[in-house]
Structure formats: C-alpha cells, structure tokens
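What you see is a predicted model, and the numbers here were worked out from it, not measured in a lab. So that the names make sense, note that chain A is the first sequence line, chain B the second, and so on, each numbered from 1.
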Protein chains: 2
Amino acid sequence: MAGRPKIFDEREVVEKAVDVFWTKGYETASADELLEAMGIGKGSFYLAFKGGKKELYEKSLRQYADRFDKQLLHDLSISKDPIQLIKDFFMALADDPKSKQMKGCYIGNALVQLSDGDADTKLIAAELLGSVEGIFTDVIRKAQQEKRLKNKAKPEVLGKYLINLWNGVNVTRRSNPGYENLREVLEMSLQVLH
Amino acid sequence: MAGRPKIFDEREVVEKAVDVFWTKGYETASADELLEAMGIGKGSFYLAFKGGKKELYEKSLRQYADRFDKQLLHDLSISKDPIQLIKDFFMALADDPKSKQMKGCYIGNALVQLSDGDADTKLIAAELLGSVEGIFTDVIRKAQQEKRLKNKAKPEVLGKYLINLWNGVNVTRRSNPGYENLREVLEMSLQVLH
DNA sequence: ATTATTATGTACCAATTAGTACAAAAAGAA
DNA sequence: TTCTTTTTGTACTAATTGGTACATAATAAT
C-alpha cells in the first residue's frame, strides 16, 4: 500500500455529478462545471474516470438507478399492500415541488437526450428502466396470484403500462408543473390497478 | 422590389432542419450540419434567421406542430367516428418502423432536451403540445355531448390523459423499439375511450 | 448603364469544448 | 533518508462551437 491518498469518495462525487447532469442535461453539463460541483481537479478526475465524461455519466445512471431500485424494493418489502404502495408512489408525483416537476426522470431523460452516437449509454438507460418495470411486473404477478388484484391482464403488460405512465408523467408535467389535473389524470391512469 | 433573389424557400429549409434536429437533438445538431442539410451558406442563413440556431429551432417547432395539427384536424373533419380515429391514431404508434420509434415526438423531445437556459423555447413546445391536447379535449367533449362516449370524466382530464399517453409511448418505445407488448399497452390505455 | 437593394459565399474569430502532459505532492516501504 | 507508488493541480492543446465582417453577385428601378 503506497501512494498519495485520494481526497474524494467516488460514490459521493458521482452523486454530485447526478445533480449537475439532471438539471443541465448530458450534453449541456460541461466537464468544468461537473468538476467544480464534484470538488475535484482534472488530474484526479481523468485518473479515476479514464472514460471521461461519458464514463462518469454511465456510472451516475447506474448509481442513481441502484439507489432508486433498492429504495423501492425496501418500501415494497415492508408494505402490507404493495399495489397500494405503487399507487401512492405514482400519486406522489403530483406532490413534488415545482423544481422537481421540471427535471423529469433521471433515467428517462437519458433516453431522450442522448444522440445516436451514444447508443451504448442509451442501452444502459433502457436496461435500468427495464429493471424498474420488472419490479412492477413482479408485484403485479404476485398480487394476481394472491387474488389481491382483480385485473387479469398479463403482468408484463401491466408492468409496461406502469413504466409508460411513469415516462409520460415525467414528460407531461415538465410542460405544466403543478397543473391542476395531474392528480385526476393519475387517478384515471391507476384505475387499471383494481 | 429589388435585390438578389433568394435561392431557397424558408419553409423548405426549415423542414430540412426539422430532420436534423429530430435525429440529433437540439444541442447536438451543429450549425454547420444544419446548413449543410439546408443547402445554404452562413451568409444567407444568418441574414434570414437573425436569431441564429435558436430562431431556426423555434420556427422548426412551430412549423412542425402546425403541419401536425392541420393534418389531425383534417382527418378528424372527414371522420365518421372521431373517437375511433383517435384510437387508430394511437394504435398506429405500434406500426411505426424502428427508425421512427427511436426518434420520439419532435415537440416532446424539446421539452426534455432543452436546458433551463432555453426556458422560452421550452414554453413554446409546451404551448404546441397544449394545442394537440386541446384538439383531443374538443373531440372528447363533443363525443360526450353526442352520447358517443360513455366515459363521463371531464374532457380536460381525458385530454391530458391522452397527451400523457402520447408522451409516455414516445419515451418508452425508444428503449425497446418494436417491443411485443406495445400494442397491448396501447389497447389497455385506450380503454378509457369507451 | 447606373444605382439601390438584397442575397450569397468566404474568410475569419473569440469562446468553449473535452481531454492530455507533466511536474510536484503525499503517502508507505525499505 | 531514500525509493516507489499513487494522486493532485496546473498549464496547455487541438478541435469545434455559434456567429460576424465584408467584398461580391444578382436582381429591379431609374
């Protein structure tokens, strides 16, 4: 063991980078800006992230999604009524502060913001969204088996329906943050979970 | 009337610009690339579009939406069953070629791709989507009045529901173009139009 | 034909981009 | 202390960005 010690924790600086990428977008977030927010210099950065900005972004996507999934799975694990939890999860979108309404979904943004040149990164985002979809699907399948969900549609279809709802709301509310009818739209959309 | 004649038609070159912006995204589409596709030089461009790239983009959004709205209104005007037409309109999303599935909605993309610095342009995109929403809402209101639609939900909510569906599908299908269940998800989503 | 007007093409520019080179710093090991 | 290893900060760079300046070209009016 030798060498000068790192002055930063990788998970922490990646978390800072999430902030910047989320509010500014992948292209618009400049390397300087990211480094500033992360609190490290170029020397350290390009040593730790040999792939540069792109590697940082991919790691930020993975780290964000990982945290998100773990949180959701945890909440589900301690819930008496997982279907209701998913409903609440969606309804909570209507209560987000305006600032959050404007930012969209961190993963979904990647899907829309990346150009064809970043097809590989896009694929990562697709996988990560697919992971959330899988969680939804599992909850639905189980609820159907336990007769807690009357809707007999294929769990995979309902899972995709929910992810689609998620993606939609995260785009729609950007155009009109805090708009009156979001709650009613969500209620209407969630009637399939009966 | 005097002066050297223009060698291009504004609507035509803006249409070319739509192509570039759509496939590459606002930031990623470079001025050179746009000019190349439009087939005009910098001199002509910056004379005709004093606001540069941004003005071109805003005009492209307006022109695209204008064409889109007119087409939709026309189709509705000659339709015997406007609600069915809207259903078909959405179901057609599942038949798009992969290349189109990957591109998303031209207007919705703006909402997600623009950074906070372009809030004014974002607002334009929001208005344009609102215009489509208004068309949906009108169709629904009329159908309810004519008892052709049983669903008694507020037309405004159903209109927002449909735009939300539109936005969702245009994000979701990017992650998995041509995926199996899109058709079923759409059918499930359109059950509200009964 | 001369003039006024508008459009065009090209050369140029300042700013910013992501990324590199490298010498100095900070630790442990000998 | 001296050597080795790793990290850090800074100076630099090559490419690209959107945009401007301006001389020239092409037309209509006089």
Rounded to whole angstroms, how far apart are [atom1] on [X] and [atom2] on [N]?
X	N	atom1	atom2	answer
B:Leu35	D:dG19	CG	P	10 Å
A:Lys50	D:dT7	NZ	C1'	11 Å
A:Tyr57	C:dG19	OH	P	15 Å
B:Phe49	D:dT20	CZ	C1'	18 Å

Do B:Glu58 and B:Thr121 have a side chain donor and acceptor closer than 3.5 Å?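 Distance-only check passes for B:Glu58 and B:Thr121.
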
Distance only, no hydrogens: is a donor on one side chain within 3.5 Å (strictly under) of an acceptor on the other, for B:Arg174 and A:Asn167?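 Checked: B:Arg174/A:Asn167 side chains show no N/O donor-acceptor pair below 3.5 Å.
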
Is the shortest side-chain N to carboxylate O distance from B:Asp138 to B:Lys142 below 4.0 Å?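 Result for this pair is no, no salt bridge flagged.
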
At under 4.0 Å, does any side-chain N or O of A:Tyr46 touch on OP1 or OP2 of C:dG19?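 Looking at the OP1 and OP2 atoms of C:dG19, one of them is under 4.0 Å from a side-chain N or O of A:Tyr46.
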
Parallel, tilted or perpendicular, as decided by the 30° and 60° cut-offs, for the rings of A:Phe90 and A:Trp166: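 Rings of A:Trp166 and A:Phe90: perpendicular, over 60°.
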
Do you know the tightest heavy-atom contact between B:Ser189 and B:Tyr161?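 What the structure gives for the nearest pair is O-OH, 2.7 Å.
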
A quick test of your reading: do over 12 heavy atoms of other residues, nucleotides or ligands sit less than 6.0 Å from NZ of B:Lys103?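 Enclosed.
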
Does NZ or CZ of B:Lys53 fall inside the cone over B:Phe45's six-membered ring, less than 6.0 Å from its centre and within 45° of the axis?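 No, B:Lys53 and B:Phe45 do not form such a contact.
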
Pairs touching residues 182-194 of chain A that satisfy salt bridge (Lys or Arg N to Asp or Glu O under 4.0 Å), sequence neighbours left out: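 Counting only pairs at least two positions apart or across chains, the salt bridge (Lys or Arg N to Asp or Glu O under 4.0 Å) contacts touching residues 182-194 of chain A are A:Asp95-A:Arg183, A:Glu184-B:Lys154.
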
Return the stems involving DNA chain C, sorted by first number, where pairs are Watson-Crick (N1-N3 with N6-O4 or O6-N4) or G-U wobble (N1-O2 and O6-N3), both under 3.5 Å, and runs are 3 or more long.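 DNA chain C forms these stems: C:1-30 with D:1-30.
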
What does the B/S/- profile of nucleotides 5-17 of chain C look like, 5' to 3', with a 4.0 Å heavy-atom cutoff to protein? BBBBBB------S

